[in-house]
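Shown next, in C-alpha cells, is the structure this report addresses.
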Amino acid sequence: MTMTSTVLQRPTTTPTVEKQATKATPTTTRRNRSTMAWSHEKLRFSCIDNIGLKQLWKLIALDTATPPAEKSGNVEHHQPKTTSNSNNHTNTERLAIPYDNCDNLADYLSLQRGVAQARFVEPSTPTTQQHMSLLKFLAINALELSAPATPLLLEHQHTQYKPHGWMQLSGHPESIVPTSTGIVRKRIAGIEDSEVLAYQQISQEPKTLQIVPAYFGLRELQTQHYIELQDLLAGFKDPCVMDIKLGTRTFLESEVSNQTLRPDLYQKMIAVDASAPTPAEHEAQAVTKLRYMLFRESLSSSHSKGFRIEALRLRGRAPLKDLKTCRSSEQISQTIEQFLAARRSVQKELLKRLKHMRLVIEQSAFFNRHEIIGSSLFIVYDDHRMGAWLIDFAKSRQLPPHLCVNHRSPWQPGNREEGLLHGMDELIHAFEEVYARSGSHRSCLKI
C-alpha cells in the first residue's frame with residue numbers, strides 16, 4: 001500500500017513556551033522537535049507516492065500521550081528554572097513517549113502502560129482519546145504487516161467523525177462517506193459501475209473536468225467499492241447550498257419497459273391525486289410503471305421546465321429537502337430569490353458559471369455520446385466565493401452508435417433524449433429573471 005499528501009506539522013506554541021524551549025537541554029530540544037501533532041486534516045491514504053511506512057507510524061503515534069489541554073494551547077509544560085534537569089526530563093517523558101525506541105507493538109503497549117500508571121489512569125479503562133490514538137497506531141502498524149489499515153479509519157468515520165459543516169442534501173444517507181481530507185467516498189456497485197466509467201471518460205476531457213467534482217479514483221474497503229471525489233463543501237464557511245435535478249426525464253427507458261399493469265402503483269397515484277387516473281385506469285385499478293413515472297414527473301417542474309429544485313440550505317438553517325412540488329415559475333423565482341438573498345455579485349458570477357457549463361456540455365464528446373439521467377446541479381456559496389458543479393452520473397449510459405442526442409428535444413420512447421440542456425436553458429432563464437429584478441423589493445417566499 002502506498003500513501004500521499006501526508007503532512008505532519010508541529011503544533012503552535014505560545015511565546016512563553018518557545019522562550020523556555022530555547023533554554024532546554026539538547027535532549028529536551030530534540031524531544032521538542034520530534035513532538036508533532038497528528039490531525040485528520042493532515043493525513044490521506046491513496047496510491048500515488050511511496051513513503052517509509054515504518055517511520056511514518058512512529059510519527060503519527062506521537063500524539064497518543066498528548067492530553068487535550070496541550071493540543072489547545074501549550075504543548076509542553078516545563079518546571080521552573082530552580083528545578084533540576086532530571087525533573088525536567090521526567091515531566092517531558094510524561095507528555096511524550098520515546099517512540100524512536102518502538103519497533104513493534106509490544107514495545108508500544110509497554111510504554112503506554114507506563115504512561116497510564118504515571119498519570120494514575122487504569123490501563124483497563126483507557127480514555128476515548130487514548131482509544132482512538134491506539135486505533136490509529138494499529139491501523140498504521142497494519143500497513144507494515146501488509147494488512148488493510150484504511151477500513152479501520154473508515155469505520156471510525158462511519159460511526160463518529162463528520163467534518164465540520166458537512167451536509168448531504170439528497171441521496172441515500174449511507175451512499176456517501178465524508179473523510180477529513182477534502183474527499184468524499186461514494187458507494188458504487190463495482191469497478192464497472194456506470195459512474196466509474198463516466199468519470200474515467202470525463203477525465204480525458206480537460207474542459208469537461210472543470211464542471212464536475214475532481215475524481216481521485218477507486219477504492220475497495222471491506223469488500224465494498226467506492227469512488228473518491230472532491231468534497232464540494234470543503235473550504236466554505238456556513239454556506240448556502242442548492243441541489244437541482246436536471247432533465248425532463250429522471251428514469252431510464254429500461255426501468256419502464258415492462259408494460260404490466262400494477263395495482264400498487266395505481267394506489268400510490270390516487271393517494272396523491274384521486275383524479276389523476278383515466279377512466280380506463282380507474283376501471284382496471286392498475287397502471288403501468290411508465291404511466292406512474294410520468295405522473296410523478298408532472299408533480300414537479302421536471303416535465304415542464306427540465307429541472308426541479310430538490311433541496312436547499314440557507315445560512316444558519318437546517319436543509320430543506322421537500323421542495324419537489326415547487327413547480328410554477330413564480331414559486332421557482334421566489335425560491336431562487338430567497339436562496340440568493342439579493343446578492344448581485346453572487347448572481348452575476350453564478351450566471352457566468354452556468355453559461356460556461358452549458359457551453360462545455362454542448363461541446364463535450366462525452367455528453368454527445370451519453371444519455372444523462374438523474375444528474376444534478378450543485379450550487380454553493382458563502383461570503384467569499386461561489387461554486388457550481390454537475391454531479392451524479394450513476395444513470396449515465398453510452399448511446400448506441402446509430403443514435404445521437406442534443407439533450408433538448410422532447411423525449412419519445414427509443415430516442416434517449418432526457419432534456420439535460422433544456423433544463424439548463426430554463427434554469428439560466430430563471431436566474432436571469434431574478435438577477436434582472438433583484439433591485440426591486442419583491443416579497444420572497446417564506447421558507
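- Residues Val241 and Pro319 have side chains not in contact (no heavy-atom distance under 4.5 Å, counting atoms from C-beta outward).
- Note that CG of Leu323 and CE of Met242 are 8.0 Å apart. Values are rounded to the nearest 0.5 Å.
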Please assess Phe295 against Tyr266 for the test ring pair (Phe, Tyr, Trp, His ring centres under 6.0 Å), listing each intermediate value before the final yes or no.
CA-CA 11 Å; Phe295 162 74; Tyr266 170 81; over 10 Å; no
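- Side chain of Glu337 to backbone of Tyr435: no donor-acceptor contact under 3.5 angstrom is found.
- Ion pairing of Arg343 with Asp383 is present here, as a side-chain N (NZ or NE/NH1/NH2) and a carboxylate O approach within less than 4.0 Å.
- Salt bridge status for Glu432 with Lys355: present, with a side-chain N to carboxylate O gap under 4.0 Å.
- Taking the side chain as every heavy atom from C-beta outward, Arg369 and Leu399 never approach each other to under 4.5 Å.
- Atom CG of Leu390 is separated from atom CG of Leu246 by 6.5 Å, given to the nearest 0.5 angstrom.
- For the residue pair Ile183 and Asp231, the shortest heavy atom distance occurs at N-CB, 3.8 Å.
- The one candidate from Asp238, Asp382, Asp243 that meets the salt bridge (Lys or Arg N to Asp or Glu O under 4.0 Å) condition with Arg313 is Asp238.
- Considering NE2 of His384 and NZ of Lys237, their distance stands at 7.0 Å, rounded to 0.5 Å.
- For the pair Arg353 (side chain) and Ala388 (backbone), a donor-acceptor distance under 3.5 Å is present.
- There is a side-chain donor-acceptor pair under 3.5 Å between Gln334 and Glu330.
- Of all heavy-atom pairs spanning Ser194 and Ser396, the tightest one is CB-O, 3.5 Å.
- Below 30°, between 30° and 60°, or above 60°: for Phe366 and Phe393 the angle between ring planes is above 60°, a perpendicular geometry.
- When side chains are defined from C-beta on, Tyr292 does not count as touching Val256, because their heavy atoms never get closer than 4.5 Å.
- Summarising the geometry of Ser375 relative to Ile372, their closest heavy-atom pair is OG-CG2, 3.1 Å, with the distance given to 0.1 Å.
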Kindly indicate, with the supporting measurements, whether the criterion side chain to side chain contact (heavy atoms under 4.5 Å, CB included) is fulfilled by Ile211 and Ile361.
CA-CA 9 Å; Ile211 67 171; Ile361 293 172; 3.9 Å; yes
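- Two residues are said to be in side-chain contact when any heavy atoms from C-beta on lie closer than 4.5 Å; Lys305 and Ile332 meet this criterion.
- When all heavy atoms of Met357 and Trp389 are compared, the pair lying nearest together is CE-C, 3.7 Å.
- Rounding to the nearest 0.5 Å gives a distance of 7.5 Å between CG of Leu359 and NZ of Lys207.
- Here the straight-line distance linking atom OG of Ser345 with atom CE of Met386 works out to 9.5 Å at 0.5 Å rounding.
- At least one side-chain heavy atom of Tyr381 sits less than 4.5 Å from a side-chain heavy atom of Leu340.
- Counting only N and O atoms by type, the side chains of Glu205 and Ser364 include a donor and acceptor under 3.5 Å apart.
- If you take CD on Glu195 and CG on Leu229, they are separated by 6.5 Å, rounding to the nearest 0.5 Å.
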Stepwise, does the side chain to side chain donor-acceptor pair (under 3.5 Å) test hold for Thr248 with Glu297?
CA-CA 8 Å; Thr248 55; Glu297 302 284 34; over 6 Å; no
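- None of Glu418, Glu371, His422 except one satisfies the side-chain hydrogen bond (donor to acceptor under 3.5 Å, both in side chains) rule with His407; the exception is Glu418.
- Side-chain contact between Thr288 and Asn258: absent, with no pair of heavy atoms (C-beta onward) separated by less than 4.5 Å.
- Here the closest non-hydrogen pair linking Arg291 and Ala276 is NH2-O, 3.0 Å.
- More than 12 heavy atoms of other residues, nucleotides or ligands shown are found within 6.0 angstrom of NE2 on His356.
- Looking at Arg249, its side chain does come within 3.5 Å of a backbone N or O of Glu417 through a donor-acceptor pair.
- Ile227 approaches Leu218 most closely through the heavy-atom pair CG2-CD2, 3.8 Å.
- The closest donor-acceptor contact from the side chain of Asp425 to the backbone of Arg358 lies at 3.5 Å or more, if one exists at all.
- Panel note: side chain Glu253, backbone Pro413; no donor-acceptor pair is recorded below 3.5 Å.
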